[in-house]
Each structure stands twice: as C-alpha cells, then as structure tokens.
A.B. asks: 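First the structure, which I've put down as structure tokens, then a few questions once you've had a look.
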Amino acid sequence: MKILALETSCDDTAVAIVEDGRRVLSSVICSQIDLHMPTGGVVPEAAARDHLLRVNQTLQDALKEAGLDLDDIDAFAATLGPGLVGSLLVGANTAKTLSFMTQKPFLGVNHLHAHVASNYLDSDLEPPFLCLLVSGGHTQLIAVESYEKMRLLGETLDDAVGEAYDKVARLMGLPYPGGPHLDKLAQSGKSEGIVLPKARTEGAYDFSFSGLKTAMLRLLESEARKAEASLATVSPADLAAGFQKTVVETLADKTLRCLKETFPDTGIFAGGKRTLAIAGGVSANSGLRGYFLDYEKNHPDFKLYIPKMRFCTDNAAMVASAAYFNPLTTDLSMEVFSRCVSFS
C-alpha cells in the first residue's frame with residue numbers, strides 16, 4: 001500500500017510516499033529557517049503563506065523522486081494536529097482534495113503518533129516498547145502497547161525540552177534555530193564544574209525544565225558581570241555542555257526508571273530485551289543519542305531505536321507511516337486542531 005502524506009504542522013513543507021508503513025519511496029522537505037531567522041521564531045501567518053507557495057512544487061518533487069504519479073497512490077494522508085492551525089490547513093486540505101479527486105481514501109494523522117511512527121521507517125521495530133518523545137513542543141513518555149494502543153505515562157509540566165534548548169540558545173546569543181547550534185557548541189565544551197538543578201516533580205515520570213532555563217539565565221548574568229569586572233569566566237562551550245549534560249541526565253534517569261518499572265517482565269520483548277524508541281526533533285541531539293547508544297553497548301538486555309537523522313525533525317514520511325499503522329480518522333469532514341486533549 002503506497003501512501004502519499006503531507007506534513008505542514010509548523011514550519012516545514014513536507015511530502016513523502018511510503019509503502020506499507022516502512023519503505024520510504026520519497027521524502028521531500030522544504031524548510032522555512034531562512035524565512036523565520038530575522039524574527040528568531042516562527043510567525044504563524046508567514047508560515048502558512050509559505051506553505052501555500054511551496055506545497056504544489058513539493059508534491060510534484062515527491063512524486064518525481066518516487067517515479068510515480070497520482071494513479072499509483074493508494075491513499076492520501078496529512079497531519080491534522082496538533083500544530084499551527086493555518087499551516088495545518090494547507091496540508092490537510094491538499095490531501096483531502098487529492099482524495100476527493102481520485103476517489104481514494106483520506107487518512108488523518110495525529111502529529112505525535114507520527115513522531116512515534118518515525119521509528120518504523122526502514123526499521124523492524126514492533127510494539128510493545130517505551131517511547132521517549134522529545135521535541136520543541138512536547139516531552140512525553142509513552143507506552144506503545146500495540147500499533148493502535150498507546151498510554152501516556154509522563155510529560156513535561158512546563159517547557160518542552162526542545163523549547164528549553166531554544167530559549168537558552170537565545171539567551172546565549174546563538175543563531176536561530178537555537179537547539180542545533182547549542183548542541184554543536186556543547187560538543188566542544190567540558191561540563192565539569194557546571195552545576196545546574198534537576199527539577200523534582202510530583203509525577204514519577206513527569207518532567208520540568210523551566211527551572212533549569214531560569215538557572216541558566218542567572219548563570220549567564222553572573223558570567224556577564226564577571227566579564228565586566230575583568231574576572232575569569234567560563235567559556236560559552238562549557239556552559240552549553242553543562243546545560244546539555246543536565247538535560248540528558250534528567251531525560252535518561254526518568255526514562256530508564258520508567259522502562260524498568262513499566263515493563264518489569266523483559267520476556268515480553270523480542271529477544272528478551274527492554275526496548276526504547278526515541279522520537280521527535282530532539283532525538284537528533286548528539287548528547288542524547290550518544291548517552292543511550294553507550295547505554296545499549298553496556299546493557300545486553302536493552303534495545304534502542306532512534307530514527308535516521310532525516311526522520312527526527314518534522315517530515316511527511318513519519319505521517320505516512322502513522323497513517324498506515326494508526327490513522328486518527330478517515331473522515332474528510334474532520335477539522336484540524338491546535339492541541340491534543342489526550343495522547344490517544
């Protein structure tokens with residue numbers, strides 16, 4: 001089954017064609033980084049207009065890359081939410097129109113389900129597993145019990161981890177988008193001696209990063225005062241490394257504890273291994289990937305899945321995969337939505 005999917009939930013115009021939920025035949029992404037760089041963040045109205053300008057060409061490019069035409073497509077899919085409503089409407093209405101024109105099914109997708117499904121692309125991963133979803137808007141621990149059944153076990157109480165990265169990057173004067181630049185800077189720094197707080201939350205598997213962001217602000221202000229007084233200061237690379245180490249350890253500690261406590265019987269996993277999948281834009285972070293890859297090497301009862309780098313951030317291939325395994329709706333009349341009331 002070949003599904004053509006569109007993803008326009010925020011600031012990337014993406015179209016992909018995926019066969020049977022796993023084999024990627026094409027994946028085209030048009031980024032809006034240059035458009036939003038002057039403002040240092042996504043302007044919703046500008047993003048929606050840019051999607052309108054790019055969507056037709058992106059669609060043609062995806063068909064050309066796959067060597068297919070519309071007659072070869074079995075179903076059309078799009079992200080319905082959560083996301084920016086104006087942007088979502090572009091992708092959703094395009095997919096619905098193609099469905100109506102060709103009299104082929106329309107499959108609406110939850111954006112968060114799509115991030116989980118990014119681990120199915122070019123992969124042998126099957127449920128059950130625990131998923132750590134980390135992005136600019138979400139930080140969640142999800143028990144994926146089957147392709148259709150998922151349970152939210154924990155989430156951030158304030159800032160998402162990607163949001164914290166972007167805010168701290170802006171405080172440090174790094175270019176937009178801040179998260180990748182902060183990650184790159186951290187790779188050249190040393191975290192030793194940088195002590196930052198790890199929030200305690202009432203929920204065993206919940207997260208909080210607003211306090212860490214504030215602690216970084218105070219630390220940066222202190223370093224600025226030292227510089228004005230011609231005193232020794234800590235390098236920006238070391239500060240970035242300390243921030244990244246704290247974030248990674250916070251995510252890892254709760255994730256590994258959740259994995260052991262939620263799935264105490266390792267026999268339910270293939271090969272007798274506890275399985276973790278990481279998804280979302282922050283799954284591209286070098287510190288996070290490195291931590292869990294090292295953990296996997298040293299723990300034979302642990303199996304890790306991380307999407308290929310091109311499938312970490314928003315893309316339409318993950319939407320096509322989710323449409324195959326777990327469509328939210330087949331109803332052409334269902335509207336887009338900005339927020340999720342519940343994960344399922």
A.B. asks: Over 60° means perpendicular and under 30° means parallel, so classify the ring planes of His111 and His115, tilted if in between.
C.D. replies: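 Geometry flag for His111 against His115: perpendicular rings.
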
A.B. asks: Testing the 3.5 Å rule here: is there a donor-acceptor pair between the side chains of Gln57 and Asp61?
C.D. replies: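 There is such a pair between these side chains.
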
A.B. asks: Hey, could you give me the OG/NZ distance between Ser26 and Lys2, rounded to the nearest 0.5 Å?
C.D. replies: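 If we round to the nearest 0.5 Å, Ser26:OG and Lys2:NZ are 11.5 Å apart.
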
A.B. asks: By ring-ring contact (aromatic ring centres under 6.0 Å, His included), which residues pair with Tyr147, not counting sequence neighbours?
C.D. replies: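 Once residues adjacent in sequence are excluded, the partners of Tyr147 under the ring-ring contact (aromatic ring centres under 6.0 Å, His included) criterion are Tyr120, Phe325.
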
A.B. asks: Among the clusters formed by ILVMFWY side chains lying less than 4.5 Å apart, do Ile278 and Val282 turn up in the same one?
C.D. replies: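 Yes; Val282 is reachable from Ile278 via cluster members.
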
A.B. asks: Just by distance, do the side chain of Arg22 and the backbone of Ser123 share a donor-acceptor pair under 3.5 Å?
C.D. replies: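 Side chain of Arg22 to backbone of Ser123, a donor-acceptor pair under 3.5 Å: yes, one is there.
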
A.B. asks: Got a sec, which residues hit side-chain contact (heavy atoms from CB on, under 4.5 Å) with Ala16, two or more places apart in sequence or on another chain?
C.D. replies: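 If we apply the side-chain contact (heavy atoms from CB on, under 4.5 Å) test to Ala16, skipping adjacent residues, the hits are Ser27, Ala316, Ala317.
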
A.B. asks: Between Ser99 (side chain only) and Ala95 (backbone N and O only), is there a donor and an acceptor less than 3.5 Å apart?
C.D. replies: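 Here the side-chain-to-backbone pair does not exist.
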
A.B. asks: Establish whether Val42 and Leu89 are linked, either directly or via other cluster members, by ILVMFWY side-chain heavy-atom contacts under 4.5 Å.
C.D. replies: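 As far as the 4.5 Å side-chain criterion goes, Leu89 and Val42 are not connected within one cluster.
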
A.B. asks: Looking only at non-hydrogen atoms, find the nearest pair between Ala284 and Asp183 and report the distance.
C.D. replies: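 Here Ala284 and Asp183 meet closest at O-OD2, 4.2 Å.
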
A.B. asks: Taking all non-hydrogen atoms of both residues into account, name the closest pair between Pro197 and Leu212 and its distance.
C.D. replies: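 So the minimum-distance heavy-atom pair works out to O-CD1, 3.9 Å.
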
A.B. asks: Which value, rounded to the nearest 0.5 Å, describes the distance between Leu288 atom CG and Leu293 atom CG?
C.D. replies: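 Output value for this atom pair is 9.5 Å.
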
A.B. asks: Sequence neighbours left out, what pairs pass side chain to side chain donor-acceptor pair (under 3.5 Å) with at least one residue falling in residues 327-337?
C.D. replies: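 Those involving residues 327-337 are Asp331-Ser333.
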
A.B. asks: With a cutoff of under 4.5 Å between side-chain heavy atoms, which Ile, Leu, Val, Met, Phe, Trp and Tyr residues group with Val195?
C.D. replies: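 The other cluster members (ILVMFWY side chains, heavy atoms under 4.5 Å, direct or chained): none.
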
A.B. asks: Can you check whether Leu121 reaches Pro307 side chain to side chain, under 4.5 Å on heavy atoms?
C.D. replies: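 No, their side chains stay 4.5 Å or more apart.
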
A.B. asks: Tell me whether Asn298 contacts the main-chain N or O of Asp294 through its side chain, where contact means a donor paired with an acceptor under 3.5 Å.
C.D. replies: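 Yes; judged by distance alone, with no hydrogens or angles, the pair exists.
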
A.B. asks: Which residues pass the salt bridge (charged side-chain N to carboxylate O under 4.0 Å, His left out) test with Glu145, sequence neighbours left out?
C.D. replies: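 Salt bridge (charged side-chain N to carboxylate O under 4.0 Å, His left out) list for Glu145, sorted by chain: Lys149, Arg151.
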
A.B. asks: Within this structure, what is the CG-SG distance for the pair Asn119 and Cys312, rounded to the nearest 0.5 Å?
C.D. replies: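 One gets 8.5 Å once the value is rounded to the nearest 0.5 Å.
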
A.B. asks: Can you name the residues that form a side-chain contact (heavy atoms from CB on, under 4.5 Å) with Asp238, not counting sequence neighbours?
C.D. replies: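 Asp238 satisfies side-chain contact (heavy atoms from CB on, under 4.5 Å) with Lys190, Val234, Ser235 once adjacent residues are dropped.
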
A.B. asks: Just so I know, are the side chains of Met150 and His113 near enough to count as touching, which here means a heavy-atom distance under 4.5 Å?
C.D. replies: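 Met150 reaches His113 side chain to side chain.
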
A.B. asks: Do Ser208 and Asp158 pair up side chain to side chain, a donor and an acceptor below 3.5 Å, judged on atom types alone?
C.D. replies: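 The answer is yes; a qualifying pair exists.
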
A.B. asks: Is any side-chain heavy atom of Tyr295 less than 4.5 Å from a side-chain heavy atom of Thr255?
C.D. replies: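 Contact flag for Tyr295/Thr255 side chains = no.
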
A.B. asks: Taking C-beta and beyond as the side chain, do Leu328 and Met334 meet within less than 4.5 Å on heavy atoms?
C.D. replies: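 In contact.
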
A.B. asks: Go through the steps for Phe129 and Val116 under the test side chain to side chain contact (heavy atoms under 4.5 Å, CB included), then give the verdict.
C.D. replies: CA-CA 10 Å; Phe129 59 88; Val116 174; 4.1 Å; yes

A.B. asks: Suppose the criterion is ring pair (Phe, Tyr, Trp, His ring centres under 6.0 Å): which pairs have a residue in residues 237-257, not counting sequence neighbours?
C.D. replies: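 As it turns out, the ring pair (Phe, Tyr, Trp, His ring centres under 6.0 Å) pairs with a partner in residues 237-257, which skip direct neighbours, are Tyr165-Phe243.
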
A.B. asks: In Å, rounded to the nearest 0.5 Å, how long is the span from CG of Asp12 to CZ of Arg54?
C.D. replies: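 Spacing of CG (Asp12) from CZ (Arg54) equals 9.5 Å.
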
A.B. asks: Does Arg170, at its CZ atom, have more than 12 non-hydrogen atoms belonging to other residues, nucleotides or ligands within less than 6.0 Å?
C.D. replies: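 Counting other residues, nucleotides and ligands, CZ of Arg170 stays at 12 neighbours or fewer.
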
A.B. asks: Applying side chain to side chain contact (heavy atoms under 4.5 Å, CB included) to Phe209 and Val168, what does each step give before you reach the verdict?
C.D. replies: CA-CA 11 Å; Phe209 293 103; Val168 169; over 6 Å; no

A.B. asks: Say whether, by atom type as modelled, one donor and one acceptor occur between the side chain of Asp72 and the main chain of Asp69 under 3.5 angstrom.
C.D. replies: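 Yes; at least one donor-acceptor contact below 3.5 Å.
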
A.B. asks: Sequence neighbours left out, what passes side-chain contact (heavy atoms from CB on, under 4.5 Å) with Ala227? Give chain and number order.
C.D. replies: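 Applying side-chain contact (heavy atoms from CB on, under 4.5 Å) to Ala227 gives Thr233.
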
A.B. asks: Within the structure provided, determine whether Ile194 and Leu219 are in side-chain contact (heavy-atom separation under 4.5 Å).
C.D. replies: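 Heavy-atom side-chain distance check passes, below 4.5 Å.
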
A.B. asks: Check for a donor-acceptor pair, side chain of Lys198 on one end and backbone N or O of Thr246 on the other, with a separation under 3.5 Å.
C.D. replies: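 Absent.
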
A.B. asks: Is Leu84 reachable from Tyr176 through a run of I, L, V, M, F, W or Y residues, each pair having side-chain heavy atoms under 4.5 Å apart?
C.D. replies: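 Tyr176 clusters together with Leu84.
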
A.B. asks: Any side-chain heavy-atom pair from Asp253 and Arg257 closer than 4.5 angstrom?
C.D. replies: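 No. Closest side-chain heavy atoms not under 4.5 Å.
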
A.B. asks: Return yes if some donor-acceptor pair links the side-chain N/O of Gln244 with the main-chain N/O of Ala186 below 3.5 Å, else return no.
C.D. replies: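 Absent.
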
A.B. asks: Following the transitive rule for hydrophobic clusters with a side-chain heavy-atom cut-off under 4.5 Å over Ile, Leu, Val, Met, Phe, Trp and Tyr, establish whether Val109 and Leu133 coincide in one cluster.
C.D. replies: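 Val109 does not cluster with Leu133.
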
A.B. asks: Say whether, by atom type as modelled, one donor and one acceptor occur between the side chain of Thr262 and the main chain of Leu259 under 3.5 angstrom.
C.D. replies: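 No, the answer is negative, given that no donor and acceptor are paired below the 3.5 Å cut-off.
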
A.B. asks: Nearest 0.5 Å, please: how far is CD in Glu261 from CG in Leu256?
C.D. replies: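 The CD atom of Glu261 is 11.0 Å from CG of Leu256, to the nearest 0.5 Å.
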
A.B. asks: By the rule that ILVMFWY residues connect when side-chain heavy atoms come within less than 4.5 angstrom, directly or transitively, which residues belong alongside Met309?
C.D. replies: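 Noted: Met309 shares its cluster with no other residue.
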
A.B. asks: Which residues, ordered by chain and number, are linked to Ile73 in its hydrophobic cluster, where ILVMFWY side chains connect at heavy-atom gaps below 4.5 Å, directly or through other members?
C.D. replies: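 Reading the cluster by chain and number, Ile73 sits alongside Leu4, Leu6, Val15, Ile17, Leu25, Leu52, Val55, Leu59, Leu63, Leu68, Leu70, Phe76, Val90, Leu98.
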
A.B. asks: Is it true that Leu130 and Tyr291 fall in one hydrophobic cluster, defined by side-chain heavy atoms closer than 4.5 Å?
C.D. replies: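 Result: yes, single cluster for both.
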
A.B. asks: I'd like to know if Glu45 and Arg49 make a salt bridge, using a cut-off of under 4.0 Å between side-chain N and carboxylate O.
C.D. replies: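 Salt bridge flag = no for Arg49 with Glu45.
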
A.B. asks: Indicate yes or no for a side-chain donor-acceptor contact from Lys104 to the backbone of Asp71 under 3.5 Å, with no hydrogens or angles considered.
C.D. replies: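 Pair found, side chain donor or acceptor close to backbone of Asp71.
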
A.B. asks: What do the steps show when you test Glu7 against Asn315 for side-chain hydrogen bond (donor to acceptor under 3.5 Å, both in side chains), and what is the final call?
C.D. replies: CA-CA 6 Å; Glu7 156 58 29; Asn315 65 89; over 6 Å; no

A.B. asks: Could you check whether any side-chain heavy atom of Met172 comes within less than 4.5 Å of a side-chain heavy atom of Met216, counting everything from C-beta outward?
C.D. replies: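 With C-beta onward as the side chain, the pair touches.
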
A.B. asks: Does Arg23 CZ have over 12 foreign heavy atoms under 6.0 Å away?
C.D. replies: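 No, CZ of Arg23 has 12 or fewer neighbouring heavy atoms, counting only those of other groups under 6.0 Å.
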
A.B. asks: Taking all non-hydrogen atoms of both residues, which atom of Ile29 and which atom of Ala14 are closest, and how far apart?
C.D. replies: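 Heavy-atom minimum between the residues: CG1-CB, 4.0 Å.
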
A.B. asks: Using a side-chain heavy atom cutoff under 4.5 Å and only I, L, V, M, F, W and Y, what cluster partners does Phe100 have?
C.D. replies: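 Listed partners: none, Phe100 stands alone.
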
A.B. asks: How close do Leu125 and Ala277 get, heavy atom to heavy atom, and via which atoms?
C.D. replies: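 Minimum heavy-atom separation between Leu125 and Ala277: CD2-CB, 4.1 Å.
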
A.B. asks: Measuring only between side-chain heavy atoms, which start at C-beta, is Phe106 closer than 4.5 Å to Lys96?
C.D. replies: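 Of all side-chain heavy-atom pairs linking Lys96 with Phe106, at least one is under 4.5 Å.
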
A.B. asks: Using 30° and 60° as the class boundaries, would you call the ring planes of Phe302 and Phe292 parallel, tilted or perpendicular?
C.D. replies: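 Ring orientation, 0 to 90° scale: parallel.
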
A.B. asks: Which pair of non-hydrogen atoms, one from Ala117 and one from Ser321, has the smallest distance, and what is that distance?
C.D. replies: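 Here Ala117 and Ser321 meet closest at O-OG, 3.5 Å.
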
A.B. asks: For Lys226, is there an ion pair with Glu223 - N to carboxylate O distance below 4.0 angstrom?
C.D. replies: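 Looking at Glu223 and Lys226, the cut-off is met.
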
A.B. asks: Does Ser191 use its side chain to pair, donor to acceptor, with the backbone of Gly242 at less than 3.5 Å?
C.D. replies: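 No; judged by distance alone, with no hydrogens or angles, the pair does not exist.
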
A.B. asks: Any chance you could measure Thr201, atom OG1, to Phe207, atom CZ, to the nearest 0.5 Å?
C.D. replies: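 Reported to 0.5 Å precision, the distance equals 8.0 Å.
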
A.B. asks: Could I get the full list of side-chain contact (heavy atoms from CB on, under 4.5 Å) partners for Arg200, not counting sequence neighbours?
C.D. replies: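 Here no residue qualifies.
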
